[in-house]
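Here's the structure we're looking at; comments come further down.
One-based numbering, in listed order, for ligands and for the atoms of each. If you read the sequence from its start, that first residue is 1, and numbering goes on from there.
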Amino acid sequence: MLDWETLCQTCLECTRCGLCETRNHVVFGVGCREADVMLVGEGPGEQEDRQGIPFVGPAGKLLDDMLAIIDLDRNTNCYIANIVKCRPPRNRDPLETEQDACIGYLRSQAALVRPKIIVCLGRIAAQRLIDENFRITRQHGQWMEKNGVWMTAIYHPSALLRDVTKRPETFDDLLSIREKIKELGAQV
Ligand code: URA
């Protein structure tokens with residue numbers, strides 16, 4: 001298993017897919033590397049590509065506010081990463097081939113963090129990590145255990161910026177995450 005330093009360095013130099021040609025920064029991940037809760041988004045947007053940090057644009061601000069509701073904070077008790085580490089042009093969905101090329105980094109990050117809970121942010125992460133047929137509208141907030149890790153998905157914060165009617169359901173999903181944290185005695 002790679003150590004953090006080697007993993008991060010390898011990722012920062014990655015040329016495994018075409019996204020390396022248009023990126024400004026690789027967006028590796030941020031947060032507590034011993035966290036019991038890990039959040040996984042889709043891929044960097046414009047701001048993230050500029051700064052090299054996940055969720056720093058408008059969706060990121062909303063994500064931080066959502067996390068605060070359940071006492072999670074990116075600087076202290078959770079770890080945040082994406083399915084792909086480089087920005088897809090014009091924020092299109094990452095291609096299957098790009099996800100395939102990149103997913104090993106996320107798997108290594110998860111192996112190092114060893115979270116008790118993984119929260120997928122949006123459809124792309126849920127379909128990649130929970131079930132390829134995952135329907136976010138129908139299945140958000142549901143829980144399943146995979147290899148000893150409890151997994152759930154909530155709407156992506158960008159979707160919540162576009163459609164505020166999804167926010168009450170997401171609030172319930174956040175409370176369910178807080179319950180699961182309690183139930184598992186996870187550290188927050
Ligand atoms: N959207 C994502 O899925 N990830 C980010 O890091 C930023 C926006």
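Sorted by first and then second residue, the side chain to side chain donor-acceptor pair (under 3.5 Å) pairs with a member in residues 95-104 read Arg92-Glu98, Asp100-Arg128; sequence neighbours excluded. For residues 62-85, the set of pairs meeting the salt bridge (charged side-chain N to carboxylate O under 4.0 Å, His left out) definition, not counting sequence neighbours, comprises Lys61-Asp65, Asp64-Arg74.
Taking Arg162 as the reference, nothing meets the side chain to side chain donor-acceptor pair (under 3.5 Å) condition, with sequence neighbours excluded.
For ligand 1, the 4.0 Å heavy-atom shell contains residues Gly41, Glu42, Gly43, Glu48, Pro54, Phe55, Asn82, His156.
Of the charged side-chain nitrogens involved, at least one lies within less than 4.0 Å of a carboxylate oxygen, so that Lys182 and Glu179 count as a salt-bridged pair.
Using bins of under 30°, 30° to 60° and over 60° for the plane-to-plane angle, the ring pair Phe55/His156 lands in the tilted bin. In this pair, Trp4 and Tyr79 present their aromatic rings tilted. The plane angle is within the 30 to 60° band.
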